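A short worksheet on the structure shown next.
No experiment lies behind these values; they were computed from the predicted model shown. In listed order, ligands and their atoms are each counted from 1.
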Amino acid sequence: MKKEDCIFCKIAGGEIPSKTLYEDDRFRVILDLGPAARGHALILPKEHAENLYELPEETAAAVMVLAKRMAAVMRDRLNCDGLNLIQNNGEAAGQTVAHFHMHVIPRYKEDNQKIGWVPRETPPEELEALKEQITFTKTEV
Ligand code: 5GP
Ligand code: ZN
């Protein structure tokens, strides 16, 4: 299902033109308009899901397979030195478009781009408490 007024639904469905790198019945892959680096692409499922929580598991699996194939294309055709996969969920995590998308970002030794975080010191007891809080088993998920 598409969502009214969702820009990525419109792009994925071809209603709004985009620089499309790949398309099949489930996905459209486009160039990002504000790239972090040369060749920055977005995998858009054609079915609307706001984020990873809403995304069907089968689609989630297919996204990773597609990303892996794209990684090889980027390496072979752009000669990139590395690659980031980034997927933001929720405003707090930097999501600005409320339609699930996976960033595929080729990286170059001298791209002067920073994608990352500032590591924090975590006391051992906090690590232990966290482990207790979020350890899970196969039957729970
Ligand atoms: P987010 O911050 O939600 O993870 O990423 C949204 C991404 O979509 C940004 O990198 C932004 O540059 C890109 N973007 C936003 N609007 C458009 C658009 O209309 N066309 C394309 N190709 N990319 C877009
Ligand atoms: Zn949408």
Pair H103 and H101, ring centroids less than 6.0 Å apart: yes
Strictly under 4.0 angstrom, heavy-atom based: which residues surround ligand 1? I7, F8, I11, I30, L31, D32, L33, G34, L42, N88, G94, Q95, T96, V97, H101, H103
Side chains of N89 and Q87, donor plus acceptor under 3.5 Å: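 Yes, Q87 and N89 have a side-chain donor paired with an acceptor closer than 3.5 Å.
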Would you say the side chains of T20 and E23 form a donor-acceptor pair under 3.5 Å? no
Could you see if L52 belongs to whatever hydrophobic cluster contains V29? Use Ile, Leu, Val, Met, Phe, Trp, Tyr and a side-chain cutoff under 4.5 Å.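 Per the 4.5 Å side-chain linkage, L52 and V29 are co-clustered.
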I11-V104 co-clustered via ILVMFWY side chain contacts under 4.5 Å: no
Quick one: does any side-chain atom of Y108 pair with a main-chain N or O of R38 as donor and acceptor, under 3.5 Å? yes
Could you please spell out the steps behind the side chain to side chain contact (heavy atoms under 4.5 Å, CB included) verdict for F27 and I43? CA-CA 7 Å; F27 298 106; I43 299 176; 3.9 Å; yes
Do the non-hydrogen side-chain atoms of H99 and K3 ever get within less than 4.5 Å of each other?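 Not in contact.
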For P106 and L78, work out which heavy atoms get closest and say how close.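 Result for this residue pair: CG-CD1, 3.9 Å.
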What are the protein N/O/S atoms, named by residue and atom, that sit under 2.8 Å from the Zn ion (ligand 2)?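 Those protein N, O or S atoms (cut-off: under 2.8 Å from the Zn ion (ligand 2)) are C6 SG, C9 SG, H48 ND1, H99 ND1.
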